[in-house]
Amino acid sequence: MRPDTPAENVDHTAEAARLERTAGLYPEDAEALLLRAAAHLELAGDRPTATALYDRLLSATDGLENPHLVRALKASNLWEYGHEAEARAIIEGVRVASPRDPAAWVIVAEALESHDELEAAHDTFTEAVHLLLTDVPQPPQPTHPLLFGRHRVRRMLGKTHDEWDALADTVHSLPITLDELHDPKRVWSLGSENPAELEAEILRLRAELGAYREALSRPFPVAILHWPATELTELLEAYPTLASEYPSHETHLTTIESALRELSSSGTPNLGIVTGTVPSYEAFAASELSSPSDATLLPQYATTLAARGRAVPWPPQQGAPCWCGSGETYGACHGRTA
């Protein structure tokens, strides 16, 4: 279930409970699953319980993949139900920590923006783009919301365009320009009695909503299973009958890239790759009351990993590392013949 599903179409409290139960079954994915559960609780209006989930994650003894994102989400949630001072302190802590994850910056900057702290939001967006995009030839997709958010706040503050605004324009792909989408005077057009003005504003809002939904949550991906070399060796030593599926690691990697390109050319959207491990696969096979040597389990295992949020989008962004783990960029590795 996508977290942005309207409340009238889903019981967000029940969905949060389901995700918590799933996190108990798959502790290695608890961070991603509990963050989704907290999002559902926020949508249900149960912000104190969402905060409790964020605190549960932050107190975990085995550490988090992205603690700054969890803190940012907690701050945004706290501010929404009256804990402004604590939220501000957490936001300042995130800024001082200078995380490399753009999502944490976006959350804290938008929290400031939503509470009319426009100058502070502008400074936060600016700190982030300087940190993450200085001397970067092409902004990665996850940093686009930083450029767009900064552009939006600058328009509300009446600031003139600068080089970062120009960069935001170059990565913006909708037919309606950022200047139109972020025009502060648009709010006045909503009260207009001119049908042409209202129709134009409806078109802008539809474009903006489409971009927001696309950025908010990718739909469930069609995922292909990838085994790193060491894991594949271990898998075949333990279950040699699977050698018919994987004649060699090089063939395995080539098959993945070919399959994804074929799916892409057929029009299949939202493709991804999930990386398997032998212990995880054995645990999955046990849960299915089957043997890991059963090749029919492999696509089911891939689907399960994707459902647990383990899929990495394919193809990688320009300049990003290749999905195979070679250390080279995708364009210089498996993407070189794309």
Side-chain angles (χ1 to χ4, degrees), residues 19 21-33 36 62-63 65 141 218-338:
L19 288 165
R21 290 193 298 272
T22 306
L25 296 173
Y26 303 103
E28 67 273 24
D29 296 328
E31 182 175 346
L33 293 167
R36 289 170 59 191
D62 54 353
E65 290 183 13
Q141 179 70 34
R218 290 177 59 86
F220 188 82
V222 176
I224 302 293
L225 180 60
H226 162 235
W227 295 98
T230 54
E231 293 292 336
L232 185 60
T233 299
E234 182 180 346
L235 179 74
L236 296 180
E237 287 177 352
Y239 310 103
T241 58
L242 293 178
S244 59
E245 298 289 326
Y246 306 112
S248 70
H249 189 252
E250 183 178 355
T251 302
H252 170 51
L253 299 182
T254 302
T255 301
I256 291 173
E257 184 69 24
S258 299
L260 288 167
R261 291 189 191 183
E262 183 176 345
L263 287 168
S264 178
S265 64
S266 68
T268 303
N270 193 24
L271 301 171
I273 295 174
V274 290
T275 299
T277 65
V278 174
S280 170
Y281 177 58
E282 290 174 334
F284 172 75
S287 71
E288 295 292 312
L289 303 178
S290 184
S291 167
S293 60
D294 183 358
T296 62
L297 285 180
L298 296 168
Q300 298 176 47
Y301 175 54
T303 299
T304 300
L305 290 177
R308 287 157 53 191
R310 308 298 287 185
V312 176
W314 180 94
Q317 292 293 314
Q318 183 177 357
C322 188
W323 55 264
C324 71
S326 65
E328 296 185 84
T329 63
Y330 176 67
C333 191
H334 282 91
R336 63 183 179 273
T337 58

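Note that the numbering runs from 1 along the sequence shown for the chain.
Taking all atoms of both residues into account, the shortest heavy-atom contact from Ala295 to Pro299 is O-CD, 3.7 Å. Of all heavy-atom pairs spanning Cys333 and Cys324, the tightest one is SG-SG, 3.6 Å. Taking each heavy atom of Gly335 and Arg261 in turn, the nearest pair found is CA-NH2, 3.8 Å. Across Val274 and Ala306, no two heavy atoms sit closer than the pair CG1-N, 3.8 Å. Heavy-atom minimum distance, Glu328 versus Ala332: OE1-O, 3.7 Å. For Leu33 against Leu19, the heavy-atom pair with the smallest separation is O-CB, 3.8 Å.
To the nearest 0.5 angstrom, His226 atom NE2 is 9.0 Å from Leu232 atom CG. Atom CG of Leu298 sits about 6.5 Å away from atom CG of Leu225, to the nearest 0.5 Å. Thr277 OG1 to Leu235 CG: the interatomic distance, rounded to the nearest 0.5 Å, is 10.0 Å. Between Leu260 atom CG and Thr255 atom OG1 the span is 10.5 Å, to the nearest 0.5 Å.
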Set out, in order, the CA-CA distance, both residues' side-chain angles and the distance that settles side chain to side chain contact (heavy atoms under 4.5 Å, CB included) for Val278 and Glu282, then state yes or no.
CA-CA 6 Å; Val278 174; Glu282 290 174 334; 3.7 Å; yes
If you apply the rule side chain to side chain contact (heavy atoms under 4.5 Å, CB included), what do you find for Ile256 with Trp323, and how did you get there?
CA-CA 10 Å; Ile256 291 173; Trp323 55 264; 3.6 Å; yes
Test side chain to side chain donor-acceptor pair (under 3.5 Å) on Tyr239 and Glu245 and set out the steps.
CA-CA 11 Å; Tyr239 310 103; Glu245 298 289 326; over 6 Å; no
Take Asn270 and Val222, measure what side chain to side chain contact (heavy atoms under 4.5 Å, CB included) needs, and give me the verdict at the end.
CA-CA 6 Å; Asn270 193 24; Val222 176; over 6 Å; no
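Judged by distance alone, the side chain of Glu288 and the main-chain N or O of Phe284 form no donor-acceptor pair under 3.5 Å. With hydrogens and angles ignored, the 3.5 Å screen pairs a side-chain donor or acceptor of Tyr281 with a backbone N or O of Pro292. With hydrogens and angles disregarded, a donor-acceptor distance shorter than 3.5 Å links the side chain of Thr304 to the backbone of Gln300.
A side-chain donor from one of Tyr330 and Glu257 sits under 3.5 Å from a side-chain acceptor of the other.
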Give the table of side-chain donor-acceptor pairs shorter than 3.5 Å for residues 246-253, with sequence neighbours excluded, one pair per line with atom names and distance.
residue: Tyr246; atom: OH; partner: Trp227; partner atom: NE1; Å: 3.0
residue: Ser248; atom: OG; partner: Thr251; partner atom: N; Å: 3.1
residue: Ser248; atom: OG; partner: Thr251; partner atom: OG1; Å: 2.8
residue: His249; atom: NE2; partner: Trp227; partner atom: O; Å: 2.9
residue: His249; atom: NE2; partner: Ala229; partner atom: N; Å: 3.2
residue: His252; atom: NE2; partner: Trp227; partner atom: N; Å: 2.9

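Remark: Ser293 pairs with Ser291 by the side-chain hydrogen bond (donor to acceptor under 3.5 Å, both in side chains) rule, at least two apart or across chains.
Residue pairs meeting the side-chain hydrogen bond (donor to acceptor under 3.5 Å, both in side chains) criterion with at least one member in residues 21-32, sequence neighbours excluded, are Glu28-Arg308, Asp29-Arg308, Asp29-Arg310.
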